[in-house]
Amino acid sequence: MTSFQPVLRLFVPCPLRKTFDYLPPADVEAYALAPGVRLKIPFGRRKLVGVLLEVVADSEVDRAALKPAIEVLDSEPLLDAQLFQLLDWASRYYHHPVGEVYQAALPVLLRQGEAAEFKGAVFWRATAEGCELSEERFKRAPKQWQVLQWLRRAGQVSEFELNAALENWRPVVKRLAEQGWVVSERLPQMPVTRAPVERPALNHEQAQAVTEISAGLAGFHPFLLNGITGSGKTEVYLTLTEQVIASGRQVLVLVPEIGLTPQLVERFQARLHVPIAVLHSGLNDQERLDAWLIARAGTAPLVIGTRSAVLTPFKDLGLVIVDEEHDASFKQQEGFRYSGRDVAVMRARLGKIPVVLGSATPSLETLYNVAQGRYRELRLTQRAGNAVPPKIHALDVRHQPIQEGVSRPLIQLMRQHLEANGQVLLFLNRRGFAPALLCHDCGWSAECKRCDTHMVLHQADRRLRCHHCLREIPLMPACPACGSAELRAVGHGTERIEELLKEQFPEYPVCRLDRDTTRRKGSLDRMLDEVRQGKYRILIGTQMIAKGHHFPDVTLVGILNAEQGLYSADFRGLERMAQQILQVAGRAGRMERPGTVVMQTHHPDHPLLQELLGAGYMQFAQTLLAERRQAELPPYTAIALFRAEASRKELTLSFLEQVRDALRATGIAEVLALGPVMAPMERRAGRYRAQLLVQSDKRSALHEALDLALREVEGSALGRKVRWSLDVDPVETF
Ligand code: ADP
Ligand code: ZN
Ligand code: ZN
């Protein structure tokens with residue numbers, strides 16, 4: 001009788017590129033199960049959670065070998081047909097095991113088999129006692145006062161709203177609760193924001209953009225919203241979002257990274273009277289699940305999230321917005337290596353809805369798609385309101401006295417701005433005190449034992465750290481090779497510049513913003529607040545300061561070492577350099593105060609730099625595109641990168657040679673396999689690394705060759721001795 005039992009075909013989270021068949025659990029009517037429900041299943045010696053793809057009459061596997069699933073976890077499917085299509089496409093496009101792709105679409109608790117049930121939102125409100133306190137009491141705890149005031153004003157605030165607007169609010173609320181000043185309760189409904197709404201009248205360009213995009217709401221229309229920093233792109237997003245939500249549909253806004261979310265969310269919150277689900281890596285598992293569930297149920301008309309939010313189920317998605325679409329953090333760099341931006345475009349295509357890619361410095365891929373007529377470009381060329389866009393000046397530092405990487409003319413300029421009451425921001429893309437430590441007497445230098453790189457000196461902690469494998473050792477008092485005490489710090493990091501600035505400008509408080517000073521949860525947020533309140537006059541930071549933050553009082557921006565991009569080994573180095581320079585420059589002169597931006601350089605006459613600073617990013621991008629075409633690089637060709645790591649160098653190369661031979665054996669002539677070669681940093685964390693670049697001017701040919709070759713090498717014995725991966729459309733090629 002069992003032979004007539006239907007078979008369940010499941011996606012199972014494991015690295016094999018296939019689905020798995022199971023028998024239904026006892027007493028379960030298999031044909032009543034809908035694709036998209038989860039089942040608990042035995043897998044080897046473990047129990048896993050799989051997702052049902054389909055119920056089939058028979059299996060290619062011998063029935064006697066099929067095991068029954070343990071239990072059905074959902075009464076209705078968690079993932080709908082459209083998300084199935086998207087995940088299926090992504091697994092084929094990125095050539096990634098399908099079970100792992102499905103896994104990526106589920107919050108951790110659902111992967112572990114928890115119930116997919118929204119238990120209601122937790123709301124906080126001030127108690128009678130809490131309502132009577134005055135600001136006086138909170139002199140030393142401004143954050144507590146801020147939260148308490150908010151709760152008092154709003155009546156009650158849900159944890160969704162707190163999560164969206166404040167980083168690390170839990171300890172603050174906990175302290176208030178301990179005093180009996182606030183209490184919480186769980187309510188079944190969702191929060192609604194009650195703030196009064198203010199809408200600036202859109203300028204002509206903004207209105208034009210809104211009109212064009214709204215006209216396309218009924219179908220798949222990809223747009224590039226190409227607008228300089230401060231040109232009002234966010235206002236355009238807000239207006240469109242209001243329209244789509246008013247029509248009863250949902251909106252997904254993707255942002256590059258967590259540091260950016262609170263400010264953007266605040267603006268959406270202030271404008272829309274709806275629950276917002278925020279999805280980012282700072283949430284705990286329960287918060288993540290709740291946000292996911294209210295997106296899926298349609299209770300949250302708006303979802304704002306980082307990369308992985310693109311895989312969230314929606315009840316009725318009507319618009320996708322990708323802010324800062326050029327940002328490399330949209331690309332997942334490990335495991336399932338997808339581009340959140342590119343998946344977003346496919347999602348819009350499958351859902352027959354528009355997608356808006358916004359940027360002040362669009363990626364070359366996107367500009368190419370515009371040139372090909374695939375995306376429609378909308379320009380915002382004016383700064384909104386009365387703000388004046390900054391001009392970037394090349395500051396020729398040749399022959400100039402230069403101390404710790406800061407030239408004398410820049411110091412003088414800083415003094416002028418500080419004396420005129422401005423704030424100054426310096427950008428340096430390197431943290432730590434100095435990138436190397438050298439013995440002046442014998443030439444020894446501190447290298448990481450496990451990586452082919454220098455250890456970075458962190459002077460304040462008196463430690464040497466490897467920024468690649470995170471190994472660290474105490475700073476030695478003398479050279480381990482010759483015993484000399486003449487150990488010198490070589491080069492400059494933010495910590496060293498901070499020291500110089502404190503010495504040069506003792507009267508002006510300095511704030512350093514990098515991963516070292518913001519490691520503690522909530523500290524970045526607090527420091528940014530303090531900067532905006534004017535507590536600090538000088539800011540030194542890494543790219544952390546370049547992204548999205550508004551510093552209205554900054555009148556001078558100094559870019560210290562961006563010209564290193566001119567020598568980058570990566571083919572995207574120049575593009576990145578330009579995007580970074582413009583992004584940092586955009587921090588200045590947001591309001592009516594015009595900003596000055598200077599960039600230190602030893603190559604003021606470099607044609608590319610002149611073009612960027614003189615003619616601007618769009619012209620510069622055209623030049624880069626022409627170069628890419630010449631060099632047969634993306635976006636003119638499609639590339640994929642195989643990487644292999646092993647404790648022995650030969651293993652990595654032999655495995656990749658096998659891959660290369662498999663690619664060649666496919667006989668697909670349009671596909672080139674270049675390499676294998678050792679990675680520029682040959683050893684990292686004690687393992688050797690090699691890579692094989694695969695390139696084709698026909699994307700379909702590339703995919704076909706990868707498919708065939710993967711089938712060949714998947715069972716390879718060598719492949720089991722190395723750690724290998726395939727990266728389609730890599731953003732880093734080293
Ligand atoms: P972007 O997202 O392009 O950087 P924003 O939307 O943040 O630009 O706008 C920059 C600033 O200008 C914000 O303070 C915003 O409130 C303001 N702004 C935007 N559009 C208008 C407008 N039409 N009229 C007045 N102010 C505007
Ligand atoms: Zn020495
Ligand atoms: Zn290391």
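Just so you know, ligand 1 is whichever comes first in the structure, and atom 1 is the first atom listed for that ligand. Numbers for residues simply follow the sequence, beginning at 1.
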May I ask you to decide if N429's main-chain N or O and Q543's side chain share a donor-acceptor pair within less than 3.5 Å? no
Does the residue R383 have a heavy-atom contact with ligand 1, meaning some pair of atoms that are separated by less than 4.0 Å? no
Show the atoms of ligand 1 that are less than 4.0 angstrom away from any heavy atom in A201. 22 (C), 23 (N), 24 (N)
Could you tell me whether E650 atom CD has more than 12 heavy atoms of other residues or ligands within 6.0 Å of it? yes
Per-atom contacts of ligand 1 with P200, taking only distances under 4.0 Å to non-hydrogen atoms: 22 (C), 24 (N), 25 (C)
Can you confirm whether K721 is buried at NZ, in the sense that more than 12 heavy atoms of other residues, nucleotides or ligands lie under 6.0 Å from that atom? no
Using non-hydrogen atoms of the residue, decide whether G230 is closer than 4.0 angstrom to ligand 1. yes
Verify the distance test for H467 against the Zn ion (ligand 3): any N/O/S atom under 2.8 Å, yes or no. no
Quick check on contacts: which atoms of ligand 1 are under 4.0 angstrom from a heavy atom of N203? 23 (N)
Counting only protein N/O/S, how many atoms fall short of 2.8 Å from the Zn ion (ligand 2)? 4
Would you find more than 12 non-hydrogen atoms of other residues, nucleotides or ligands less than 6.0 Å from H393 atom NE2? yes
Say whether, by atom type as modelled, one donor and one acceptor occur between the side chain of T366 and the main chain of P362 under 3.5 angstrom. no
Partner residues of Q533 under the side chain to side chain donor-acceptor pair (under 3.5 Å) criterion, sequence neighbours left out: none
Tell me, with the steps shown, if D570 and S568 meet side-chain hydrogen bond (donor to acceptor under 3.5 Å, both in side chains). CA-CA 5 Å; D570 193 280; S568 170; 5.6 Å; no
Before signing off on this row, confirm whether T229 and ligand 1 have an N or O atom pair separated by under 3.5 Å. no
For R462, does the CZ atom sit with more than 12 other heavy atoms under 6.0 Å from it, leaving out its own atoms? no
Using salt bridge (charged side-chain N to carboxylate O under 4.0 Å, His left out), reason through E682 and R689 one step at a time and then give a plain yes or no. CA-CA 5 Å; E682 195 171 305; R689 310 153 72 224; over 6 Å; no
Counting each atom of ligand 1 from 1 as listed, which ones have a heavy atom of G232 under 4.0 Å away? 1 (P), 3 (O), 5 (P), 6 (O), 8 (O), 9 (O), 19 (C)
